[in-house]
Amino acid sequence: MRSWLVVCAFGLAAISTVMPAPGAAQTAPAAGYTPPRTRDGHPDLQGIWQVLNTAAWDIEDHNASLGVPAGRGVVEGGSIPYQPAALAKKQENFAGRARLDPETKCFLPGVPRITYMPHPFQIVQQADKVSILYEYQHAIRYIYMNGNPHPRGPIEWWLGDSRGRWEGNTLVVDVIHFNDLTWFDRAGNFHSTDLHVIERYTPTGPDHMRYEVTIEDPKVFTRPWKMSMPLYRRQEANSELFEYQCSAYLIEQEWNNPVSPLFEKR
Amino acid sequence: MEQSRIAVVRKALSALAVLMLAPGPAAGQAFWPKETPKLPMARTWTAQKAKLPPYTPGRTPDGVPDLQGEWSGAGGDNNSVLEEHDYIDVTTPAQESFVSDPADGKIPYTPWALAKRNEMLAGLARGWPGETGQRLYTSPGSFCLTAAPVFSFDAQELVQKPGVVIMLSDDGYRVIPTDGRPAIGQNARFWMGTSRGRWEGNTLVVEVTGLNGLGWFDSTGQFYSENTRMTERWTLVDANTMDYEVTVEDPTIYTRPWKMTFPKRRAGTASGGPRGVSVTSVLPAVTNDPYAKELWETACYEGNTESLQSIHALGYKWFPGVTPPK
């Protein structure tokens with residue numbers, strides 16, 4: 001896995017030299033911007049978007065290491081309010097991240113992690129739902145706007161169950177029903193099945209959105225906390241989603257590896 | 001889109017079926033008794049559509065044919081065996097070929113490619129006709145991998161926006177630009193290839209190139225290569241029926257271009273009735289369920305670890321694609 005992580009890092013580093021990744025504190029306010037509307041009369045968020053930051057590696061402030069660019073965190077207030085036992089587990093996760101990070105198995109990365117992976121995603125709006133198409137692993141996420149509440153649990157999904165609503169120009173998404181197998185980043189930040197995520201997508205200009213996330217998980221954190229970061233519209237005239245079929249590359253690479261963790265019985 | 005949920009269960013089960021010498025039905029799986037009459041596919045549909053009156057679909061606000069809606073998959077044995085076959089087991093009833101041209105329903109492989117196809121069939125090791133029992137390759141479907149054109153064989157919702165057609169399923173998507181942009185350079189290869197669409201009269205024509213040659217047309221090793229071009233034609237033949245046709249061209253492994261065809265039915269218009277050409281045996285009618293039209297996470301790959309480990313332990317190889325002789 002190391003080789004492609006390094007590739008991702010250098011790809012991002014190349015972009016970063018042109019346009020430094022802004023930190024959370026630099027997110028511009030939305031004041032005054034009125035986004036175009038869809039035929040249904042809602043703010044039109046459609047298009048291809050991507051982050052320009054290092055949250056995929058670590059959502060808190062971090063220095064560089066091999067294959068990892070240094071970066072400011074995206075956590076408002078700087079650090080994540082872990083309960084003491086949870087902080088110990090986070091540190092264990094960090095130490096064992098090369099083996100323990102679910103991304104190394106190409107599993108669905110959870111929400112909000114899938115938003116700030118180093119891959120673009122595309123928003124498609126319809127009357128009953130907002131669909132987000134992620135280049136990573138051809139993943140798709142349906143945010144239902146059809147008036148149905150969250151289905152009754154217990155349900156454990158990798159990307160949770162997403163229900164959306166409009167608040168002014170902001171798409172607000174309430175997400176519950178997660179499993180406890182995903183992390184927030186490659187640094188071992190984690191959650192339990194009690195995770196409750198509230199995402200807010202607010203257009204701040206024709207090519208920018210503010211992405212704010214509230215994280216609640218009373219089993220892991222001492223209080224709710226927030227992440228925020230800008231989303232950038234891809235500017236290439238011919239931009240489109242391609243394919244990052246992570247699982248296929250991994251299976252092919254590991255098939256003849258006699259000690260591959262992919263085929264270890266648990 | 002309850003059909004698509006079932007399709008996924010079937011997909012996962014067909015992955016498991018690889019491991020079982022005598023695969024049996026399970027919850028949600030279509031159960032086909034041995035006496036089921038041969039299920040119709042391309043031959044029957046070709047005859048049916050030849051008799052249909054002309055149909056002009058509505059237009060989107062952008063003035064192109066409006067093909068939007070939720071569409072069923074091909075149905076039948078769920079793409080388990082592409083060519084005409086007799087009853088094999090409860091999940092694989094007798095069925096006509098998907099292939100409409102040539103008329104014999106067989107993929108027109110070159111002699112080299114036919115030998116390769118027979119070698120792959122012989123190495124499936126699942127107790128089906130034509131196998132030696134030795135293990136060679138398993139279907140990419142066993143790894144929860146979808147490739148062109150199989151994505152089109154399954155159920156999906158078709159959405160149109162200016163300059164683009166989007167297909168949404170419960171475990172993936174396809175975005176097809178119709179704005180005339182060129183395909184990416186052909187050194188870039190993908191499981192789904194690169195799709196470029198255009199409108200010809202009432203038909204959405206999609207050219208698929210840039211394929212990585214690792215996908216199969218069915219579960220029995222029917223293959224294509226990196227050189228293959230697929231041209232799909234999506235045409236409404238009445239308000240609730242989509243004619244799907246795909247032409248497959250590759251002079252390095254086929255002696256001539258060949259075609260597959262079947263209809264897709266609009267979801268909800270054939271409850272308990274036709275699914276694709278054929279009548280399905282189990283499609284539970286979901287009534288008064290506000291969530292019936294929602295697509296819920298399937299996480300096929302994430303739930304496939306044990307199957308993956310078993311296939312690996314049994315000594316199957318990773319299918320590397322074919323390299324046609326020069």
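Every chain is numbered from 1 and lettered A, B, ... according to where its sequence line falls, protein lines coming before strand lines. Bear in mind the structure is a predicted one, so any value in this text is a computation, not a measurement.
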Practice item. Using a cut-off of 6.0 Å, state whether more than 12 heavy atoms not belonging to B:Gln134 lie near its atom CD. Key: no

Review point. Would you say B:Leu145 and A:Gln245 make side-chain contact, with heavy atoms under 4.5 Å?
Key: yes

Check your understanding: Where on A:Leu159 is there a heavy atom nearer than 4.5 Å to chain B: the side chain, the backbone, both, or neither?
Key -> both

Review point. Checking A:Lys129 side chain against B:Glu294 main chain: does a donor-acceptor pair fall under 3.5 Å?
Key: no

Revision key, fill the gap. Residue from B:Lys317, B:Arg174, B:Glu297 scoring the most non-hydrogen pairs under 4.5 Å with chain A is B:Glu297

Exercise for review: Please confirm whether the backbone N or O of A:Tyr134 pairs with a side-chain atom of B:Tyr173, one donor and one acceptor, at under 3.5 Å?
Suggested key: yes

Revision key, fill the gap. In short, B:Tyr291 meets A:Pro149 closest at the heavy-atom pair OH-O, 2.5 Å

Check your understanding: So, B:Glu302 and A:Asn179: side-chain donor and acceptor under 3.5 Å apart, yes or no?
Key -> no

**Study point:** Region of A:Ala248 that comes under 4.5 Å of a non-hydrogen atom in chain B
**Key:** both

Revision key, fill the gap. Smallest heavy-atom separation, A:Gln125 atom then B:Lys161 atom, equals O-NZ, 2.5 Å

Review point. Does the side chain of A:Ser247 come within less than 4.5 Å of B:Phe143's, by heavy atoms?
Key: no

**Study point:** Selection from B:Ile166, B:Ile184, B:Val164 maximising heavy-atom pairs under 4.5 Å formed with chain A
**Key:** B:Ile184

Practice item. For B:Gln309 and A:Leu262, work out which heavy atoms get closest and say how close. Key: NE2-O, 3.5 Å

Point to revise | Polar side-chain atom of A:Glu252 near backbone of B:Trp318 as donor-acceptor pair, under 3.5 Å | key: no

Check your understanding: Side chain, backbone, both or neither: which part of B:Pro140 has an atom under 4.5 Å from a heavy atom of chain A?
Key -> neither

Check your understanding: Any donor and acceptor pair, going by atom type alone, linking the side chain of A:Trp157 with main-chain N or O of B:Thr298 inside 3.5 Å?
Key -> no

Check your understanding: From A:Ile140 CD1 over to B:Leu295 CG, what is the distance, rounded to the nearest 0.5 angstrom?
Key -> 8.0 Å

Exercise for review: On the 0 to 90° scale, with breaks at 30° and 60°, tag the B:His312-A:Phe263 ring pair as parallel, tilted or perpendicular.
Suggested key: parallel

Practice item. Scan A:Tyr244, A:Tyr249, A:Phe242 and name whichever one has a ring pair (Phe, Tyr, Trp, His ring centres under 6.0 Å) with B:Phe190. Key: A:Phe242

Point to revise | Ion pair B:Arg196/A:Glu240, N-O distance below 4.0 Å | key: yes

Practice item. To the nearest 0.5 angstrom, please state how far the NZ atom of A:Lys105 sits from the CG atom of B:Leu308. Key: 10.5 Å

Check your understanding: Is the shortest side-chain N to carboxylate O distance from B:Asp171 to A:Arg141 below 4.0 Å?
Key -> no

Check your understanding: Atom NE2 in A:His177, atom CH2 in B:Trp296: separation rounded to 0.5 Å?
Key -> 8.0 Å

Review point. Is there a donor-acceptor pair closer than 3.5 Å between any side-chain N or O of A:Asn238 and the backbone N or O of B:Arg181?
Key: no

Exercise for review: Give, for atom NE2 of A:His138 and atom SG of B:Cys144, the distance between the pair rounded to the nearest 0.5 Å.
Suggested key: 14.0 Å

Practice item. Check B:Leu168 against A:Ser131 and note the closest heavy-atom contact, atom names and distance. Key: CD1-OG, 3.8 Å

Practice item. Among B:Ala299, B:Pro61, B:Ala313, single out the residue with the greatest number of heavy-atom pairs under 4.5 Å to chain A. Key: B:Pro61

**Study point:** Check: A:Gln126/B:Glu157 side-chain N/O donor and acceptor closer than 3.5 Å
**Key:** yes

Revision key, fill the gap. So, the part of A:Asn146 with a heavy atom under 4.5 Å from chain B: the answer is side chain

